[in-house]
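Protein chains get the first letters and strands the later ones, always in sequence-line order, with residue 1 at the start of each. If you're wondering where the values come from, they're calculated on a predicted model, not measured in any experiment.
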Number of protein chains: 2
Amino acid sequence: MQFFKVKTVEETFALIEDIVQSIKVVEEIPLDQSLHRILAEDIIATESVPSFPRSTVDGYAVKAKETFGSSETMPGFLNVVGSVKMGEEATTPLSHGEAIYIPTGGMMPPNSDSVIMIEHCEDLSGLLNTYKQVAPGENVIQIGEDVKEGDVLITKGTKLRPQELGAIAAIGKTQVAVFKQLTIGYLSSGDEIVPYETEQIQIGQVRDINALTITSLVQEWGAKAIYAGIVSDDYTEYQQRAEELFKEVDCLVLSGGSSVGAKDYTTQVIESLGEPGVYIHGISIKPGKPTILAMAGDKPVIGLPGHPASAMIIFSLFGGEIIKKLSGEISGNRLDRVQVRLTKNIHSSMGRTDYIRVKLIEQEGEWWAEPIIGKSGLISTLVQSDAVVEIKSEFEGARQGDFVPAILLR
Amino acid sequence: MQFFKVKTVEETFALIEDIVQSIKVVEEIPLDQSLHRILAEDIIATESVPSFPRSTVDGYAVKAKETFGSSETMPGFLNVVGSVKMGEEATTPLSHGEAIYIPTGGMMPPNSDSVIMIEHCEDLSGLLNTYKQVAPGENVIQIGEDVKEGDVLITKGTKLRPQELGAIAAIGKTQVAVFKQLTIGYLSSGDEIVPYETEQIQIGQVRDINALTITSLVQEWGAKAIYAGIVSDDYTEYQQRAEELFKEVDCLVLSGGSSVGAKDYTTQVIESLGEPGVYIHGISIKPGKPTILAMAGDKPVIGLPGHPASAMIIFSLFGGEIIKKLSGEISGNRLDRVQVRLTKNIHSSMGRTDYIRVKLIEQEGEWWAEPIIGKSGLISTLVQSDAVVEIKSEFEGARQGDFVPAILLR
């Protein structure tokens with residue numbers, strides 16, 4: 001037992017950053033199945049986008065200098081000598097005094113350098129009256145202006161969003177190398193815990209709420225959850241079931257029951273899984289102090305606090321960070337905490353980081369956080385919550401009207 | 001052709017609120033498959049949680065008044081007469097002068113009203129020394145304190161988050177009524193558009209990027225996407241393919257090509273699908289002005305602007321709102337715009353709402369938005385973006401250091 005491994009929230013995040021390493025297994029998958037997967041290669045543009053100069057408007061391809069001086073009162077004149085077809089190469093070159101009709105997205109004809117919008121000219125039986133001058137390059141996207149051949153388009157470690165898929169499609173790549181999808185195992189323990197499907201529970205029993213909250217969070221983070229059921233407070237059974245599950249997964253999550261005996265077992269079970277073992281035994285946080293963080297080989301093991309609501313908040317904070325690190329994701333700039341204002345004073349203890357469940361209320365364009373009353377173990381308080389606000393350990397609380405960081409729960 | 005139906009962004013959102021109705025089809029599904037689905041019933045608690053009074057700590061169940069006056073220097077004394085077992089009914093009642101050991105989550109014995117934590121007492125061979133007084137109810141969760149039988153726990157229209165699943169599991173409900181998952185159809189058109197899988201494109205052609213960006217957004221919103229491929233700029237084919245797809249889906253999305261002819265076709269095709277037809281033909285927005293919004297029967301139809309990046313921003317804004325409304329979701333307090341500060345001046349036009357792509361940069365706990373340079377049609381600018389900031393139509397721009405609302409792209 002290592003009672004002295006109590007860490008602050010900041011130390012816990014720093015430790016996760018330090019000890020959890022990205023998985024190494026990479027797979028090639030079709031682009032259209034890669035949404036939210038983590039890229040395991042740099043995407044280098046193998047061609048330029050666009051691959052030909054395109055018009056960005058409907059109008060007439062011209063030589064810009066031949067429109068100079070054109071105005072509503074003193075139009076210029078050009079001969080319309082053809083039109084560009086969508087999807088086809090524009091082969092007819094533009095000569096002195098000529099214009100060629102071009103639709104948006106059409107290819108610029110040879111020798112043209114700009115496009116005058118249809119709104120700014122008038123085609124009178126083949127004689128184009130130009131009412132505005134255009135600058136060279138105006139209304140044109142040049143070759144490679146979107147993506148230049150050879151450029152690094154997206155870097156390894158990026159979580160693929162819709163726009164990344166679009167950009168990869170633009171250069172004609174249909175397979176991507178991504179890190180393997182993570183598998184996270186969850187095992188409940190406790191003599192009082194019964195499957196949540198139990199229709200009629202006996203007095204003294206409670207349903208296994210974590211089975212749904214923890215596995216749902218895993219699902220939201222794009223990983224696969226294996227729920228291995230419930231073990232009683234029996235060390236041998238607990239150890240065996242945990243060890244079996246551990247072998248199948250990239251990260252193991254245990255809910256160690258809430259009694260002292262059950263908590264002891266969880267620590268022993270975690271230590272039994274391998275070196276280096278327990279790093280953190282208790283976090284100075286509310287709710288969720290009795291949290292365990294360990295590594296067995298290169299796999300993180302998390303021992304969650306007993307109350308389902310505390311377990312969910314702890315898993316959201318630290319489980320989310322562990323799984324992100326493990327997944328290979330190198331985050332860009334993620335605005336994961338937003339500033340909101342408190343509707344009332346909040347008391348907190350120095351030396352402990354508090355996460356207060358709040359409802360968000362919009363007032364005149366500003367977001368206010370209304371703390372939700374209720375004990376920290378109650379799942380219903382989380383149902384009422386839009387976010388948790390964070391009161392860091394160096395503060396004794398926060399006052400009505402103060403700006404505080406909030407983590408959205410959605 | 002209805003060129004006069006140009007609306008502001010605010011009018012567009014108001015119209016969506018007004019004309020798009022929630023689907024009516026409801027299905028019963030297992031709770032563990034209901035994450036992010038939209039609840040189609042009120043969840044009424046059929047039992048109380050907890051169903052028995054529980055201790056929230058490890059300690060001794062006592063009558064509070066028998067600890068009154070206890071302190072470190074003047075401890076009280078009680079006889080330990082047993083212990084509560086997890087998962088079992090506590091049947092032994094507490095008599096005068098007695099205490100019963102109770103683990104966290106254990107059932108409170110009859111006649112006990114509070115729990116003294118193990119940290120605040122000492123069991124000396126059956127004689128409990130109490131070093132602190134407790135108040136009646138202290139360290140106890142009462143019957144129904146989390147969820148009270150008969151209460152509305154979650155209301156119809158709620159998007160089910162992990163905590164909602166947990167709360168529903170807590171009352172022993174294993175099936176939920178949810179609205180049918182939406183099916184959204186997407187059809188590309190344009191003579192220049194080729195499948196994104198095309199290895200070698202010809203000059204003048206471009207790959208169908210929307211096929212991935214639009215369907216990925218649909219997937220992120222929890223709906224099912226049907227991508228029906230590409231049609232050429234031929235009215236008859238376009239109309240037939242659109243009509244076929246329209247029958248299969250709850251909402252149809254068309255990308256109308258970018259040339260004038262193709263745009264005309266899109267409007268005609270949309271009008272052909274049924275009454276009431278086109279509501280909006282153009283939005284005073286940048287990017288994405290040439291957007292069409294229509295209703296054919298009770299199904300929304302969206303005509304997206306030609307450039308893939310504009311199409312994605314338009315679909316994120318209005319498509320997202322349409323699909324949310326259609327899905328039956330009644331949003332709670334969603335903080336969907338966060339305040340960030342501008343790193344430089346932005347110019348905008350009065351009477352038009354601008355969405356500027358930005359990178360987010362954190363500096364001393366504050367988030368700053370750095371505008372990304374590049375034409376509005378470029379997909380690479382979206383890859384570089386963490387968010388878009390909104391400059392409303394009543395402003396001519398915003399200054400360096402100003403707070404502006406940002407919509408996160410993640």
Side-chain angles (χ1 to χ4, degrees), chain A residues 32 35 50 52 56 58 86-89 103-105 107 141 146-147 154 161-167 169-170 172 174 190-192 196-197 199 201 203-205 207 209 212-213 216-217 219 258-260 306 308 312 332-333 335 338 359-361 367 375 377-380 382-383 386 408 410, chain B residues 32 35 51-52 56 58 86-89 103-105 107 141 146-147 154 161-167 169-170 172 174 190-192 196-197 199 203-207 209 212-213 216-217 219 258-260 306 308 312 332-333 335 338 360-362 367 375 377-380 382-383 386 408 410:
Chain A
D32 63 359
L35 184 65
F52 54 91
T56 61
D58 292 321
M86 290 303 289
E88 292 181 17
E89 187 170 355
T104 306
M107 178 179 172
I141 299 184
D146 198 346
V147 177
I154 311 169
R161 299 173 297 174
Q163 57 265 55
E164 269 80 49
L165 268 56
T174 56
D191 285 339
E192 78 280 22
Y196 74 85
E197 297 95 336
E199 217 166 289
I201 55 172
I203 287 186
Q205 298 181 329
R207 296 194 179 86
I209 293 181
L212 283 166
T213 54
S216 296
L217 285 171
Q219 198 179 323
S258 46
S259 66
V260 170
M312 192 181 141
N333 299 314
L335 201 162
V338 298
K359 253 195 130 39
L360 295 176
I361 300 153
W367 285 93
K375 297 200 172 100
L378 307 183
I379 189 78
S380 59
L382 272 175
V383 168
D386 299 312
L408 303 181
R410 40 171 164 203
Chain B
D32 63 359
L35 185 65
S51 55
F52 54 91
T56 62
D58 293 320
M86 291 304 288
E88 291 181 17
E89 187 171 355
T104 307
M107 176 179 173
I141 298 183
D146 198 345
V147 178
I154 311 169
R161 300 173 297 173
Q163 56 265 52
E164 269 80 48
L165 269 55
T174 56
D191 285 339
E192 77 280 23
Y196 73 85
E197 297 94 335
E199 216 166 289
I203 287 186
Q205 298 181 330
V206 291
R207 296 193 179 86
I209 293 182
L212 283 166
T213 53
S216 296
L217 285 171
Q219 198 180 322
S258 45
S259 66
V260 170
M312 191 180 143
N333 298 314
L335 200 163
V338 298
L360 296 177
I361 300 154
E362 195 179 7
W367 285 93
K375 297 201 171 99
L378 307 183
I379 189 78
S380 59
L382 272 175
V383 168
D386 300 311
L408 303 180
R410 41 170 165 204

Task: Contact leader toward chain A among B/Glu89, B/Gln205, B/Arg207, B/Met107, where contacts are heavy-atom pairs under 4.5 Å - done: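 With the most close heavy-atom pairs to chain A, the winner is B/Arg207.
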
Open item on the list: Just so I understand: if I count every heavy-atom pair under 4.5 Å between each of B/Leu212, B/Thr174, B/Ile203 and chain A, which residue has the most?
Closed with: B/Ile203

TODO: Identify, with sequence neighbours excluded, every residue that meets side-chain contact (heavy atoms from CB on, under 4.5 Å) alongside A/Ser216.
DONE: B/Leu35, B/Pro162, B/Leu165

Task: Partner residues of B/Arg161 under the side-chain contact (heavy atoms from CB on, under 4.5 Å) criterion, sequence neighbours left out - done: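 For B/Arg161, the residues satisfying side-chain contact (heavy atoms from CB on, under 4.5 Å) (neighbours in sequence not counted) are A/Leu409, B/Gln163, B/Glu164.
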
Can you say whether [X] sits under 4.5 Å from chain B via the side chain, the backbone, both, or neither, judging by heavy atoms?
| X | answer |
| --- | --- |
| A/Ile154 | side chain |
| A/Val383 | both |
| A/Leu408 | side chain |

Task: Side-chain touch A/Phe52/B/Val206, heavy atoms, less than 4.5 angstrom - done: yes

Open item on the list: Please evaluate residues A/Thr213 and A/Leu382 with respect to the criterion side chain to side chain contact (heavy atoms under 4.5 Å, CB included), reporting the C-alpha separation (whole Å), side-chain torsions for both, the decisive distance (0.1 Å), and the verdict.
Closed with: CA-CA 11 Å; A/Thr213 54; A/Leu382 272 175; over 6 Å; no

Task: Under 4.5 Å from any heavy atom of chain A - which part of B/Glu88 - done: backbone

Open item on the list: Heavy-atom pairs under 4.5 Å with chain B: which of A/Gly377, A/Gly172, A/Ala170, A/Gly204 has the most?
Closed with: A/Gly204

Open item on the list: For the interface with chain B, which of A/Ala167, A/Gly87, A/Gly166 has the highest count of heavy-atom pairs at distances below 4.5 Å?
Closed with: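 Most heavy-atom pairs within the cutoff with chain B belong to A/Gly87.
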
Task: Spacing of CD1 belonging to B/Ile379 relative to CD1 belonging to B/Ile209, to within rounding of 0.5 Å - done: 5.5 Å

Open item on the list: side chain to side chain contact (heavy atoms under 4.5 Å, CB included), that's the test. Do A/Tyr196 and B/Asp32 meet it? Break it down for me.
Closed with: CA-CA 10 Å; A/Tyr196 74 85; B/Asp32 63 359; 3.4 Å; yes

